[in-house]
Amino acid sequence: MTLLDPRVLGEWWNTFLRSGGLSEGWVIFINAVVVTLILMGFGLTSVLIIIWAERKIAGRVQDRLGPNRVGPYGLLQSVADALKLMTKEDITPERAERITYNLAPGLAVFAVLMLLVVIPFGPGLIAADLNIGVLYVVAMGSFGIMAALMAGWASNNKYALLGGFRTVAQLLSYEIPMVLSMSVPVLFAGTMSLHKLVEMQANFRWFGLIMPTAFLIYLISALAENERTPFDLLEAESEIVAGYHIEYSGLKFAWFFLAFFLNTLLLSAIAVTLFLGGWQGPFVDKVPLLGVLYFFLKTVLIVFVFMWVRATFPRLRIDQMMALAWKVLVPMALALVLLAATAVKLPWPPLARDVFLFFSNIVMLFVALGAIGRHLRQEAERFSGRQKWATSSSTTS
Amino acid sequence: MVLQAVFLITALLTLGSALMVVLHRNLFISALFLIASFFGVAVFYVLLEAEFLAVAQVLIYIGAIATLIVFAIMLSRGMMTGRTSPRNAQALWAAGGSLALGAALLYVVVFRVQWPVAEKAVPADMIQRLGTGLVTDYVVPFELASLLLMAALIGAVMIAREKEV
Amino acid sequence: MIPLSWYLAVAAILFVIGFYGVLSRRNAIAILMGIELMLNAVNLNLVAFWRYTQPDQVAGQVFAIIVITVAAAEAAVGLALFIALYRLRGTVHIDEIDLLRG
């Protein structure tokens, strides 16, 4: 059974390298190259599968079949699409900022690929266990914002610029509730290392179960950070044609596509790591490789929820999007952080604390939902009142 | 050896980008070079084993300040393209003064003074110490910084807000 | 090990480049970028001194964090001022802003 432990495998691999007479520096270098190749290969293949799954799921939700012509169940559809994108003409607008324009797609993918480094796929299966892992995840997001800004500006197109503005406004706004909700697990665990965070969630003490509202806030912000429906007004076809990547074609467009789907996968993986116990599950301490399976199962579940939401919900208006971030999510997340910080410091048995936190979370969720519902009803009444006034005044005149 | 090579390459890129920031005519390109130079400083922090500061540098300087600057450039666009000179009348004097200051600084700081150096390792629990330090020994500057941020937030909103008619 | 003086040299040159930017630029936003470069140079110095003299204390890093905070606040207020200025006068070139000239 020990052979199934990735840590043992890693030790074995290292001694194998050293037995060939390699110096320590070379061992580190070879390991870095191997890990990078594995992570990149994993990322790229998983994107092909995610694209297929997205189209298939959206098809089923909307009572269609989805892709079913290329390969069994249409599995090779994304490969065919990638080939088609490669053969397309690569256009650069005449008065674009050429260097910035070409750099932006690469930066977008870079920002997402860098996240793969800190994801704990299983016990001991993490490329770099940074002791500031959570902060690193947030910091990499800022490169994604820069990529959108660069693409929007360099395209020299007013729709691209508008899309860029919207993207920055949305990503910056939703970063705040996201970071606040991510700090709740950090408060519980007392560490920012993603690997240690998972280790703290043994025996189903998942932070997402203790603080379901924080988990919900994270999921909503992740939807916005990923520019997914209902927050996809960055590429609202009916308003600004296609957002900041309007001028991109062929392979460069494929890079943005790649970043988008990879981001879906990684935001889900981080959600699982922070809130759903990562690779924790029954029998993991006996068979460590089971942890990898649990991790991927949970991640696929979250990815499925994202796709389900995308296939179901309509798009938000821009003022609704902003109001949701600043008037609903940020105050709720702040209150949650306060609650968690207080509860962690109070001297009571862990079980009592967890139960108390769970119920106070539920209460807070319903209070917030009630407040939003009342506000929306008032809005609707005001709107219908204005409608009545408008029609009556038009009939009298 | 490897570390020193990394240092020299980073220094070259950082200072080169910084030069482009102050020299380039197109303000948007300047801002992009500013980001490159912020990133170079973050690499220096990693070399100095201050990982928390490196990530904070990326998060705050690149994620917030540079984004704000690019936003401001876009909002006041039409100002940066080359119809007029990007430099003011005192640019030549400024160049001379800067060169003199740089020479003096390099002479004094690098060649003149022998800085006392302690060969100590960074403790492994630096992040925890930093966190504890911020809420115990350094709680007053920490709270003052939060007060400053609050004031800046309100002030920025009040100033930049469009007056309702 | 990299000598401390290398860091000090880089920080000094970075500071001077920012200084030149502040003095020579006409656009207020470019001046702000120069100030940010100077603040970065100062921070680099603080962290280098922390690493080479007192790595077991947190004072150096705390100082750098406070500087970053102040830089963020300064950028926010400064850019808000420039936006207001641009709305009011249609320019952010500081040598064209001469409301007080008689």
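Per chain, numbering begins at 1; letters A, B, ... match sequence-line order.
- Note on B/Tyr45, B/Tyr61, B/Phe7, B/Trp93: by heavy-atom pairs under 4.5 Å with chain C, the leading option is B/Phe7.
- Residues C/Asn27 and B/Ile73 form no side-chain contact, since every pair of their non-hydrogen atoms from C-beta on lies 4.5 Å or further apart.
- Heavy atoms only, all atoms of each residue included: C/Ala80 and B/Ala156 are closest at CB-O, 3.6 Å.
- Heavy-atom distances place no part of C/Val22 under 4.5 Å from chain B, backbone and side chain included.
- Note on ring orientation: taking the six-membered ring where Trp is involved, the planes of C/Tyr7 and B/Phe44 are perpendicular (angle over 60°, cut-offs 30° and 60°).
- Per-residue counts of heavy-atom pairs under 4.5 Å with chain C were compared for B/Gly155, B/Ala50, B/Ala11; the largest is that of B/Ala50.
- The residue among C/Leu32, C/Ile83, C/Leu44 with the most heavy atom pairs within less than 4.5 Å of chain B is C/Leu44.
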Subject >> Derivation of the side chain to side chain contact (heavy atoms under 4.5 Å, CB included) call for B/Val122 and C/Trp50 >> reply: CA-CA 10 Å; B/Val122 180; C/Trp50 161 79; 4.0 Å; yes
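- Contact of the C/Val58 side chain with the B/Met126 side chain is registered, since non-hydrogen atoms from C-beta on lie closer than 4.5 Å.
- Between B/Phe142 and C/Ile65 the shortest side-chain heavy-atom distance does not fall below 4.5 Å.
- Ranking C/Gly78, C/Pro3, C/Ala75, C/Ala71 against chain B, the residue ahead of the rest is C/Ala71, based on heavy-atom pairs under 4.5 Å.
- Residue with the most contacts toward chain B among C/Met33, C/Glu74, C/Gln57: C/Met33 (heavy-atom pairs, distance under 4.5 Å).
- The residue among B/Thr132, B/Leu68, B/Val109 with the most heavy atom pairs within less than 4.5 Å of chain C is B/Leu68.
- Contact between C/Ile2 and B/Leu3 at its shortest, heavy atoms only, is CD1-O, 3.9 Å.
- The minimum heavy-atom distance linking C/Pro55 with B/Pro123 is given by the pair O-CD, 3.3 Å.
- Using a 4.5 Å cut-off between heavy atoms, B/Ala31 contacts chain C through both its backbone and its side chain.
- Between C/Ile66 and B/Pro141, the closest heavy-atom pair is CD1-O, 3.8 Å.
- In this structure, the separation between CD on C/Glu36 and CD1 on B/Ile65 is 4.5 Å, given to the nearest 0.5 Å.
- Under a 3.5 Å cut-off, the side chain of B/Arg129 and the backbone N or O of C/Asp56 do form a donor-acceptor pair.
- Ranked by heavy-atom pairs under 4.5 Å with chain B, the first of C/Asn40, C/Leu79, C/Val16, C/Ile29 is C/Asn40.
- At a threshold of 4.5 Å between non-hydrogen side-chain atoms, the residues B/Leu23 and C/Tyr20 count as touching.
- Across all their heavy atoms, C/Thr69 and B/Ala145 have their closest contact at CG2-CB, 3.9 Å.
- The CG atom of B/Leu134 lies 9.5 Å from the CD atom of C/Gln61; values are rounded to the nearest 0.5 Å.
- B/Val41 has its side chain within reach of C/Leu14: a pair of non-hydrogen atoms, C-beta onward, lies under 4.5 Å apart.
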**OP:** Dump the intermediate steps for side chain to side chain contact (heavy atoms under 4.5 Å, CB included) on C/Ile68 and B/Leu53, then the final yes or no.
**Re:** CA-CA 9 Å; C/Ile68 291 180; B/Leu53 275 181; 4.2 Å; yes
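- Among B/Val157, B/Asp137, B/Leu8, B/Ile69, the residue with the largest count of heavy-atom pairs under 4.5 Å with chain C is B/Ile69.
- The neighbour count for B/Phe39 CZ, taken as heavy atoms of other residues, nucleotides or ligands under 6.0 Å away, does not exceed 12.
- Heavy-atom distances place both the backbone and the side chain of B/Ala95 under 4.5 Å from chain C.
- Taking chain C as the reference chain and counting heavy-atom pairs below 4.5 Å, the highest number among B/Thr14, B/Leu105, B/Leu48, B/Val22 is found for B/Leu48.
- For a residue to count as touching a neighbouring chain, one of its non-hydrogen atoms must lie under 4.5 Å from one of that chain's; by this rule C/Leu81 touches chain B with backbone and side chain alike.
- Contact annotation for C/Ala59: both backbone and side-chain heavy atoms come within less than 4.5 Å of a heavy atom of chain B.
- Residue B/His24 comes nearest to C/Arg25 through the heavy atom pair O-NH2, 2.8 Å, listed as atom of the first residue, atom of the second, then distance.
- Top candidate by heavy-atom pairs under 4.5 Å with chain C, chosen from B/Leu15, B/Leu106, B/Ile60, B/Leu149, is B/Leu15.
- Rounding to the nearest 0.5 Å places OG of B/Ser98 at 5.5 Å from CG of C/Leu23.
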